[in-house]
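Quick caveat, the model's predicted, so the values are computed rather than measured.
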Amino acid sequence: MTSHPYAQDKRDSPYRTERAKLSLAFPGALPAHGVLVARGNILSPLANWLIVDLDSGTMRRAVTRLRAGTSDDPTASVIEQEASGTLTDADLGAVILAANRVWADEGRSPPAPPDRTDALCSVVLLDADEARHAFGSACPSPQLVELLDALAEASGISARSGER
(Lines give C-alpha, C1' and ligand atoms only; values in the text may rest on other atoms or scores of the structure.)
Protein backbone atom coordinates (compact mmCIF):
# COMPACT_ATOMS: atom_id res chain seq x y z
CA MET A 1 0.00 0.00 0.00
CA THR A 2 1.19 3.54 -0.72
CA SER A 3 2.87 5.60 1.97
CA HIS A 4 1.41 8.96 0.91
CA PRO A 5 -0.73 10.49 3.68
CA TYR A 6 -4.26 11.42 2.65
CA ALA A 7 -6.23 14.61 3.38
CA GLN A 8 -3.87 16.16 5.91
CA ASP A 9 -4.29 19.75 4.65
CA LYS A 10 -8.00 20.54 4.41
CA ARG A 11 -8.69 24.20 3.73
CA ASP A 12 -12.02 25.76 4.47
CA SER A 13 -14.11 25.66 1.35
CA PRO A 14 -17.75 26.08 0.42
CA TYR A 15 -17.50 22.51 -0.94
CA ARG A 16 -16.36 20.98 2.37
CA THR A 17 -19.08 19.40 4.48
CA GLU A 18 -19.91 16.60 6.85
CA ARG A 19 -20.28 13.21 5.21
CA ALA A 20 -23.75 12.84 6.75
CA LYS A 21 -24.93 15.89 4.78
CA LEU A 22 -24.06 14.32 1.40
CA SER A 23 -27.02 13.41 -0.75
CA LEU A 24 -25.93 11.04 -3.50
CA ALA A 25 -28.10 8.67 -5.53
CA PHE A 26 -25.60 5.82 -5.30
CA PRO A 27 -27.29 2.63 -4.04
CA GLY A 28 -24.49 1.22 -1.97
CA ALA A 29 -21.75 1.81 0.53
CA LEU A 30 -19.08 4.35 -0.24
CA PRO A 31 -15.50 4.05 1.02
CA ALA A 32 -14.41 5.67 4.28
CA HIS A 33 -11.48 7.27 2.45
CA GLY A 34 -11.75 7.78 -1.26
CA VAL A 35 -12.70 9.68 -4.36
CA LEU A 36 -15.91 9.55 -6.35
CA VAL A 37 -16.78 10.99 -9.76
CA ALA A 38 -20.38 10.81 -10.94
CA ARG A 39 -21.55 11.77 -14.40
CA GLY A 40 -25.11 11.93 -15.53
CA ASN A 41 -27.64 13.71 -17.62
CA ILE A 42 -30.74 15.36 -16.24
CA LEU A 43 -32.79 14.01 -19.15
CA SER A 44 -31.55 10.44 -18.80
CA PRO A 45 -32.07 8.03 -15.92
CA LEU A 46 -28.51 6.67 -16.27
CA ALA A 47 -25.47 7.80 -14.29
CA ASN A 48 -21.85 6.68 -14.45
CA TRP A 49 -19.93 6.39 -11.18
CA LEU A 50 -16.19 5.98 -10.72
CA ILE A 51 -15.19 5.21 -7.12
CA VAL A 52 -11.68 4.82 -5.70
CA ASP A 53 -11.38 3.18 -2.29
CA LEU A 54 -8.06 4.35 -0.89
CA ASP A 55 -8.11 1.83 1.97
CA SER A 56 -8.45 -1.23 -0.27
CA GLY A 57 -6.58 0.26 -3.26
CA THR A 58 -9.43 -0.52 -5.64
CA MET A 59 -11.28 1.33 -8.38
CA ARG A 60 -14.90 0.56 -9.19
CA ARG A 61 -17.19 1.65 -12.00
CA ALA A 62 -20.93 1.42 -11.79
CA VAL A 63 -23.72 2.46 -14.10
CA THR A 64 -26.94 3.20 -12.22
CA ARG A 65 -30.49 3.74 -13.37
CA LEU A 66 -32.91 5.96 -11.49
CA ARG A 67 -36.19 4.40 -10.52
CA ALA A 68 -39.21 5.32 -8.51
CA GLY A 69 -38.82 4.14 -4.95
CA THR A 70 -41.65 2.52 -3.03
CA SER A 71 -42.51 2.62 0.65
CA ASP A 72 -41.09 -0.92 0.94
CA ASP A 73 -37.87 -0.01 -0.93
CA PRO A 74 -37.12 3.72 -1.12
CA THR A 75 -33.86 3.21 -3.05
CA ALA A 76 -33.70 5.86 -5.76
CA SER A 77 -31.40 3.99 -8.13
CA VAL A 78 -30.16 0.51 -8.94
CA ILE A 79 -26.81 -0.67 -10.28
CA GLU A 80 -27.11 -1.96 -13.84
CA GLN A 81 -23.44 -2.55 -14.66
CA GLU A 82 -20.40 -2.86 -12.45
CA ALA A 83 -16.67 -3.51 -12.85
CA SER A 84 -13.70 -3.16 -10.52
CA GLY A 85 -9.96 -3.52 -10.39
CA THR A 86 -6.94 -3.03 -8.15
CA LEU A 87 -4.70 0.02 -8.44
CA THR A 88 -0.92 -0.26 -8.32
CA ASP A 89 0.88 1.49 -5.47
CA ALA A 90 2.13 4.10 -7.94
CA ASP A 91 -1.38 4.74 -9.29
CA LEU A 92 -2.83 4.89 -5.78
CA GLY A 93 -0.10 7.37 -4.77
CA ALA A 94 -0.94 9.53 -7.79
CA VAL A 95 -4.64 9.56 -6.84
CA ILE A 96 -3.81 10.52 -3.25
CA LEU A 97 -1.50 13.35 -4.33
CA ALA A 98 -4.10 14.70 -6.80
CA ALA A 99 -6.88 14.45 -4.19
CA ASN A 100 -4.70 16.18 -1.60
CA ARG A 101 -4.28 19.14 -3.97
CA VAL A 102 -8.08 19.41 -4.13
CA TRP A 103 -8.44 19.18 -0.33
CA ALA A 104 -5.83 21.94 0.06
CA ASP A 105 -7.54 24.25 -2.45
CA GLU A 106 -9.94 26.74 -0.88
CA GLY A 107 -12.13 26.45 -3.97
CA ARG A 108 -13.47 29.97 -3.66
CA SER A 109 -13.16 30.87 -7.32
CA PRO A 110 -16.53 31.02 -9.06
CA PRO A 111 -17.41 28.04 -11.25
CA ALA A 112 -17.08 28.43 -14.99
CA PRO A 113 -20.30 29.50 -16.70
CA PRO A 114 -22.25 26.43 -17.82
CA ASP A 115 -22.17 25.35 -21.40
CA ARG A 116 -25.42 24.70 -23.21
CA THR A 117 -25.59 21.17 -21.92
CA ASP A 118 -27.67 19.15 -19.56
CA ALA A 119 -24.72 16.98 -18.49
CA LEU A 120 -23.78 17.04 -14.83
CA CYS A 121 -20.54 16.03 -13.12
CA SER A 122 -19.99 15.58 -9.40
CA VAL A 123 -16.64 15.15 -7.63
CA VAL A 124 -16.61 13.96 -4.02
CA LEU A 125 -13.62 13.43 -1.74
CA LEU A 126 -14.32 11.27 1.31
CA ASP A 127 -12.30 11.21 4.52
CA ALA A 128 -14.11 9.43 7.36
CA ASP A 129 -16.79 11.89 8.56
CA GLU A 130 -15.77 14.71 6.21
CA ALA A 131 -16.42 15.22 2.53
CA ARG A 132 -15.69 17.73 -0.16
CA HIS A 133 -18.42 17.80 -2.82
CA ALA A 134 -18.47 20.02 -5.89
CA PHE A 135 -20.55 19.64 -9.04
CA GLY A 136 -21.46 21.42 -12.24
CA SER A 137 -21.96 21.06 -15.96
CA ALA A 138 -18.20 20.68 -16.31
CA CYS A 139 -16.29 18.42 -13.95
CA PRO A 140 -14.78 20.27 -11.00
CA SER A 141 -11.13 19.45 -10.24
CA PRO A 142 -10.40 18.53 -13.87
CA GLN A 143 -6.85 17.27 -13.23
CA LEU A 144 -8.11 14.76 -10.67
CA VAL A 145 -10.95 13.63 -12.96
CA GLU A 146 -8.58 13.25 -15.93
CA LEU A 147 -6.24 11.12 -13.79
CA LEU A 148 -9.09 8.85 -12.67
CA ASP A 149 -10.35 8.51 -16.24
CA ALA A 150 -6.86 7.58 -17.43
CA LEU A 151 -6.40 5.01 -14.67
CA ALA A 152 -9.81 3.50 -15.36
CA GLU A 153 -9.07 3.25 -19.06
CA ALA A 154 -5.61 1.74 -18.46
CA SER A 155 -7.17 -0.79 -16.09
CA GLY A 156 -9.94 -1.66 -18.54
CA ILE A 157 -12.55 -0.13 -16.23
CA SER A 158 -14.30 2.35 -18.47
CA ALA A 159 -15.65 5.38 -16.62
CA ARG A 160 -18.12 6.13 -19.42
CA SER A 161 -20.18 3.13 -20.23
CA GLY A 162 -23.67 3.32 -21.66
CA GLU A 163 -25.31 6.71 -22.08
CA ARG A 164 -23.47 9.83 -21.02
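- Interatomic distance, Ile79 CD1 to Trp49 CH2, rounded to the nearest 0.5 Å: 9.5 Å.
- Between the side chain of Ser77 and the backbone N or O of Ala25 there is at least one donor-acceptor pair closer than 3.5 Å.
- One finds the CZ atom of Arg39 at 7.0 Å from the CG atom of Leu50 (value rounded to the nearest 0.5 Å).
- The shortest side-chain heavy-atom distance between Ser122 and Val124 falls under the 4.5 Å cut-off.
- Heavy-atom contacts from other residues, nucleotides or ligands closer than 6.0 Å to CG of Asp9 number more than 12.
- Summarising the geometry of Leu125 relative to Ala99, their closest heavy-atom pair is CD1-O, 3.7 Å, with the distance given to 0.1 Å.
- Not counting sequence neighbours, the partners of Ser155 by the side chain to side chain contact (heavy atoms under 4.5 Å, CB included) test are Ile157.
- Checking side-chain atoms of Asp55 against main-chain N and O of Gly34 turns up no donor-acceptor pair under 3.5 Å.
- How far CG of Asp91 is from OG1 of Thr86: 11.0 Å, rounded to the nearest 0.5 Å.
- Atom CZ of Arg65 is separated from atom CD of Gln81 by 9.5 Å, given to the nearest 0.5 angstrom.
- Of the inter-residue distances, the one linking Leu147 atom CG with Ser141 atom OG reads 12.0 Å to the nearest 0.5 angstrom.
- Partners of Asp127 by salt bridge (charged side-chain N to carboxylate O under 4.0 Å, His left out), not counting sequence neighbours, listed by chain and number: Lys10.
- Counting only heavy atoms from C-beta outward, the side chains of Tyr6 and Asn100 approach each other to under 4.5 Å.
- Between Glu80 and Leu46 the shortest side-chain heavy-atom distance falls below 4.5 Å.
- Contact annotation: the side chain of Val123 approaches that of Pro140 to within less than 4.5 Å [non-hydrogen atoms, C-beta and beyond].
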Worksheet entry | Test log, rule side chain to side chain contact (heavy atoms under 4.5 Å, CB included), inputs Asp105 and Ser13 | CA-CA 8 Å; Asp105 177 22; Ser13 165; over 6 Å; no
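- When all heavy atoms of Trp103 and Ala131 are compared, the closest pair comes out as CH2-C, 3.9 Å.
- Nearest heavy atoms, Leu148 versus Met59: O-CE, 3.8 Å.
- In terms of modelled atom types and a separation under 3.5 Å, the side chain of Arg16 and the main chain of Arg132 share no donor-acceptor contact.
- Between Leu22 atom CG and Thr17 atom OG1 the span is 6.5 Å, to the nearest 0.5 Å.
- Applying the side chain to side chain contact (heavy atoms under 4.5 Å, CB included) rule to Leu30 yields the partners Arg19, Leu24, Phe26, Leu36, Ile51, Leu126; only residues at least two apart in sequence or on another chain are considered.
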